[in-house]
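Comments concern the structure below.
Counting convention: from 1, in listed order, for ligands and their atoms alike. Residue indices begin at 1 and follow the sequence shown.
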Amino acid sequence: MGLGGPWDAPDYGPEHIDAAADAVEAALSIGITRFDHADIYGRGKSEGVFGELLVRDASLRARIQIQSKVGIRLGEAGGFGHYDLSGKAILDGVEGTLRRLRTDYLDLLLLHRPDPLLDPAEVGDAVARLLADGAIRAIGVSNMSAAQMDALQDHLPVRLAADQLELSLRHHAFAESAVLVNHGDGASVSFPHGTLEHCMRHGIELQAWSPLAGGRYTGRPPAEASDADRATSALVAELAAAKGVTPEAIVLGWLMRHPARIGPVIGSANPARIRACAGAEAVAEAMTRAEWFALFQTARGQRVP
Ligand SMILES: NC(=O)c1ccc[n+]([C@@H]2O[C@H](COP(=O)([O-])OP(=O)(O)OC[C@H]3O[C@@H](n4cnc5c(N)ncnc54)[C@H](OP(=O)(O)O)[C@@H]3O)[C@@H](O)[C@H]2O)c1
């Protein structure tokens, strides 16, 4: 999302292509081979700059997987417009994405956000056409609940492959929804109950957006940091020092420790920070329940009931 320079700039320059190349190189160096896009990122510049990399290095496309999203329309002045998951918007969106990325296909297309006006049969027709044309190889969603996925699934020619949601040590409502069943505080939990379980049962990959919470616990605390934020940052640093890993690996490892095998979609464009994410998988494998709950309870600011 951060590639291609500022969203309000009219175009990207050579310096943005070089910066994107450095970020991609850093990602590949730690074994990351999948890249997340959306037609709106940088108002198209993120995909555009990435397409330049695919032209620069003809061998790159075969070594990576690319996913992108459609379904949000930007407004005239560059601000947010509205959602649009009509069949035409999906087909036009993918066409623009492939043109900017300079590739023939997406490994995975995600429907960016639930559109209240979405007609599942119309979406199903558009997706069937894209699959038949070879423009996309799989279909998934983003920010959708289990019920929304089910309603769509009935009209799709293939199984949904993924759901991308905001999940992190900071945005931990998914864990709250598990521990607060039949508890008074559960009424305030925003996470659609049962969505993780639905994905696990149906083999739908769970992807986490903003998994680093923008650096909240790993070196960029917000100006209005709470006591829980400060305590969480301290615990993350303490665990990182004890395990000889980076704070980023702890925060990502906490997510990946979940049996749903949550896959973090890291948003950094900084090569050093991307490399600092290496080791998260090993941290996840070794993370004890005591450590996982210590991080969760510190971030939520109180013990689980
Ligand atoms: N499906 C959706 O609705 C949706 C919504 C939002 C995002 N996404 C996807 O998810 C990806 C990740 O989201 P995200 O970028 O919001 O989240 P993130 O990975 O939690 O945070 C990355 C951002 O935080 C900054 N950052 C992290 N640690 C820092 C530190 N210690 N000091 C200073 N800055 C730090 C990074 O800056 P640097 O670049 O300088 O490292 C970068 O701007 C996006 O790129 C996008 O692909 C999807």
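- In terms of protein heavy-atom proximity, atom 25 (C) of ligand 1 is closest to R220 NH2, 3.7 Å.
- Of all atoms in ligand 1, listed by their number and element, those nearer than 4.0 Å to a heavy atom of G215 are 27 (C), 28 (N), 29 (C).
- The residue L110 has no part lying near ligand 1, judged by heavy-atom distances below 4.0 Å.
- The N/O atoms of K69, backbone and side chain alike, include none that comes under 3.5 Å of an N/O atom in ligand 1.
- Taking a cut-off of under 4.0 Å to the non-hydrogen atoms of H112, the atoms of ligand 1 that pass are 1 (N), 2 (C), 3 (O).
- When non-hydrogen atoms are compared, ligand 1 lies under 4.0 Å from neither the backbone nor the side chain of E166.
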_Please evaluate residues Q65 and Q67 with respect to the criterion side-chain hydrogen bond (donor to acceptor under 3.5 Å, both in side chains), reporting the C-alpha separation (whole Å), side-chain torsions for both, the decisive distance (0.1 Å), and the verdict._
CA-CA 7 Å; Q65 302 83 45; Q67 60 183 45; over 6 Å; no
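- Residue contact check: Q164 has heavy atoms under 4.0 Å from atoms 1 (N), 2 (C), 4 (C), 8 (N), 9 (C), 48 (C) of ligand 1.
- Between the OG atom of S68 and the CZ atom of F50 there is a distance of 10.5 Å, given to the nearest 0.5 Å.
- The CG atom of D163 sits 8.5 Å away from atom CG of L110, with the distance rounded to the nearest 0.5 Å.
- Looking from atom 47 (O) of ligand 1 to the surrounding protein, the closest heavy atom is D36 OD2, 2.6 Å.
- Under a cutoff of 6.0 Å and an axis angle of 45°, R61 and Y105 form a cation-pi pair.
- Using a cut-off of 4.0 Å between Lys/Arg side-chain N and Asp/Glu carboxylate O, D39 and R99 are scored as not salt-bridged.
- At a heavy-atom distance under 4.0 Å, only side-chain atoms of R273, from C-beta outward, approach ligand 1.
- Taking the six-membered ring for Trp and thresholds of 30 and 60 degrees, W7 and Y41 have ring planes inclined between 30 and 60 degrees apart.
- Looking only at protein heavy atoms, the nearest one to atom 39 (O) of ligand 1 is A269 N, 2.9 Å.
- Closest to atom 10 (O) of ligand 1, if we only count protein heavy atoms, is W209 CB, 3.3 Å.
- With respect to the salt-bridge test (charged N to carboxylate O, under 4.0 angstrom), the residues R34 and D107 do not qualify.
- Counting only heavy atoms from C-beta outward, the side chains of L239 and L295 approach each other to under 4.5 Å.
- Counted within 6.0 Å of CD on E281, heavy atoms from surrounding residues, nucleotides or ligands total 12 or fewer; the atom is thus considered open.
- Below 3.5 Å of separation, one finds an N or O of L212 facing an N or O of ligand 1.
- The CD atom of Q148 lies 14.0 Å from the CD atom of Q153; values are rounded to the nearest 0.5 Å.
- Regarding atom 23 (C) of ligand 1, its nearest protein heavy-atom neighbour is G214 CA, 4.2 Å.
- Near P211, with a cut-off below 4.0 Å to any heavy atom, the atoms of ligand 1 are 19 (O), 20 (O).
- The cluster map of Ile, Leu, Val, Met, Phe, Trp and Tyr, joined by side-chain heavy atoms under 4.5 Å apart, puts M287 and I262 in the same cluster.
- Within ligand 1, counting atoms from 1 as listed, the ones closer than 4.0 Å to a heavy atom of M1 are 7 (C), 15 (O), 16 (O), 44 (C), 45 (O), 46 (C).
- Shortest contact from atom 19 (O) of ligand 1 to any protein heavy atom: G267 N, 2.8 Å.
- Hydrophobic clustering of Ile, Leu, Val, Met, Phe, Trp and Tyr side chains at less than 4.5 Å, counting indirect connections, keeps L60 apart from I32.
- From S210, atom OG reaches atom CZ of R170 across 11.5 Å, with rounding to the nearest 0.5 Å.
- Among protein heavy atoms, atom 17 (O) of ligand 1 sits closest to S210 CA, 3.0 Å.
- The contact set between ligand 1 and S268, taken as ligand atoms under 4.0 Å from a residue heavy atom, comprises 22 (C), 38 (P), 39 (O), 41 (O).
- Close approach to T218 involves these atoms of ligand 1, each under 4.0 Å from a residue heavy atom: 31 (N).
- Distance check on atom 43 (O) of ligand 1: every protein heavy atom falls at or beyond the 4.0 Å cut-off.
- The protein non-hydrogen atom at the shortest distance from atom 8 (N) of ligand 1 is Y41 OH, 3.3 Å.
- Distances below 4.0 Å separate heavy atoms of V265 from the following atoms of ligand 1: 10 (O), 11 (C), 12 (C), 47 (O).
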